[in-house]
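In what follows, a structure is listed as structure tokens, so that the remarks can point back to it.
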2 protein chains.
Amino acid sequence: MREFKRRTRVLIIDDNTDHLRGVKELITLESSFDVAGTATSANLGINLIKKYRPELVIMDINMPEKDGLQAIAEIEKLELGAKVIALSAYDDADLIFRAMKIGAKGYVLKTMASAQLIYALDEVAAGKIYLPTALTSRFFEHFQLSFREEENANSAENLLAYLTSREEEVLDLLTQGNNYKGIAGKLFISETTVKTHVNNIFQKLQVNDRTQAVLYALNNNFTNKRRAKMAV
Amino acid sequence: MREFKRRTRVLIIDDNTDHLRGVKELITLESSFDVAGTATSANLGINLIKKYRPELVIMDINMPEKDGLQAIAEIEKLELGAKVIALSAYDDADLIFRAMKIGAKGYVLKTMASAQLIYALDEVAAGKIYLPTALTSRFFEHFQLSFREEENANSAENLLAYLTSREEEVLDLLTQGNNYKGIAGKLFISETTVKTHVNNIFQKLQVNDRTQAVLYALNNNFTNKRRAKMAV
DNA sequence: CAAAATATCAATCCAAAGATGTAAGACAAT
DNA sequence: ATTGTCTTACATCTTTGGATTGATATTTTG
């Protein structure tokens, strides 16, 4: 029995018809790929995806109106297994970050050699996620920056450090939306005791009510820190 | 005046003395790098970093006790500009993700060719962030998965969709810790009106009090969605 | 051991929050 | 024109929340 290797079916979405034609020809030349269809708008493209169920989608990200990013998100939401490769003119860190965040399996610049696009297609078709090295570096700048900011919120003299372990328990239950009665029941202590703890928490966190206490806790990663502490 | 190109100073931290020696020799052979020091534990290494201020740090991530990840976090907190390259035996997606999250500028496997490590050193010394292609793919699997989960919280029939725009405004102010009076003042409406809105919000979100409403809002990305909507 | 911090409980008081019902004017859709 | 939704508003009542003071047993720590 002769083994039949099926070509990977690719759908191309690009509002620039010239560029679209160029990409189509490039892919048609490759023996391992088949162009399943083309579209010049995101909406048309999404309809074609539903119809033809391609393995790969090349999505131009610089389209007007319904922008490419949103289109990628919608394609992901369909869950038809279509792997989207973003094709963009910009190596903007934030754009790369957002594209990868919503589920793009690759990101290639239009200015890159066509061999690079073919390589990306190969990799993504094989189930990998592909980003050119230069863009990877860009991506990580943005990625690490976003976590750096998160940590700044953590430092800045954290008032949570002054809480006793019992107060932490109470605050934890507060951040789950419990009222006095609920907390008292869960900790097997009286409601008045809970009131005492809660009042002490307010003093230490310098807030006026439970909502502000909960917000302070959430904004300062209280839950995560607590879980980390518990794990030790 | 003869131009003097200074060698990039590298500090190596690895509890395996054999491996440490190997890496040291490898780097010593390179004309563009200088081994500023070596250490066999994270604590010793951190002290040497404070002392010698190297541009690069190669950190073995499979060390016992104070594990390598925690050490990287501490080095980053020093803010001495030392760029850390993680050296690990494992291509575990979660490990790569966490290393990059806390600020590693590179991640190289021990099993990789030594040329790969030198290449990583070059790239990172030049201010870039370096991950081998294979590990990039691994990283993104984890990265995208974490956001996939976040979106599940978003879908699941979101009760926030039922709020009117005015109720959204009120909820927004609730999530900032305002009480009735504060909200009334900011929206230039009476306190009783605010009460009406808040009660309607409770009904729609199926909660009993403001803390639960705020928690629901935060757990369902209310703020982000609102900002996204405003931007349109 | 003594002093300080923690955890528990109670009483009281006032303020704030929440539940419920009613209603009028604005505005959009049909 | 009429219906429906939204926004505004008020009254009333009950419940919950928050502040304060004081007290006791236990634990931690210097």
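FYI, side chains are in, hydrogens and waters are out, and symmetry mates aren't considered; it's all heavy atoms of this structure. Just so we're on the same page: letters track the sequence lines, and every chain starts at 1.
By the 4.0 Å N-to-carboxylate-O rule, B/E167 lies close enough to B/K204 to be salt-bridged with it. The pair B/K77-B/E74 does not meet the salt-bridge criterion, since no charged nitrogen lies less than 4.0 angstrom from a carboxylate oxygen. For A/K110 and A/D60, the salt-bridge test passes: some basic side-chain N is under 4.0 Å from an acidic carboxylate O.
One atom, CD1 of A/I189, and another, P of D/dA25, lie 18 Å apart when rounded to the nearest Å. Atom CZ of A/F202 is separated from atom P of D/dG17 by 10 Å (rounded to the nearest Å). Remark: P of D/dC6 and CD of B/E168 are 11 Å apart, rounded to the nearest angstrom. The nearest whole Å value for the distance from the CD atom in A/E167 to the C1' atom in C/dT6 is 8 Å. Between the P atom of C/dA19 and the CD atom of B/Q212 lies a distance of 10 Å, rounded to the nearest Å. Rounded to whole Å, the distance from CG on B/L163 to C1' on D/dT5 is 14 Å. Look at CD on A/Q203: it is 11 Å from P on D/dT21, rounded to the nearest Å. As a whole-Å value, the separation of A/K195 NZ from C/dA16 C1' is 12 Å.
For D/dT15, neither phosphate oxygen OP1 nor OP2 lies less than 4.0 angstrom from any side-chain nitrogen or oxygen of A/Y180. B/T193 has a side-chain polar atom (N or O) that falls below the 4.0 Å cut-off from OP1 or OP2 of D/dA9. Contact check, B/H197 against D/dT8: a side-chain N or O comes under 4.0 Å of OP1 or OP2. Between A/T164 and C/dA7, a side-chain N or O to OP1/OP2 separation shorter than 4.0 Å is present. Remark: A/N199 is not in phosphate contact with D/dG18, judged by side-chain N or O atoms under 4.0 Å from OP1 or OP2. OP1 and OP2 of D/dT8 both lie 4.0 Å or more from every side-chain N or O belonging to B/T192.
Nearest-nucleotide mapping onto DNA chain D: of B/R166 and A/D209, the residue sitting toward the 5' end is B/R166.
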Checking salt bridge (charged side-chain N to carboxylate O under 4.0 Å, His left out) for the pair A/D34/A/R9: CA distance, chi angles, key distance, verdict?
CA-CA 5 Å; A/D34 233 12; A/R9 297 163 61 252; over 6 Å; no
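Of the residues A/F139, A/Y130, A/F97, the one that meets the ring-ring contact (aromatic ring centres under 6.0 Å, His included) test with B/F140 is A/F139.
A donor N or O paired with an acceptor N or O is found under 3.5 Å between the base of C/dC9 and the side-chain atoms of A/T196.
B/N179 comes within contact range of the sugar-phosphate backbone alone, with a heavy-atom separation under 4.0 Å but no base atom that close.
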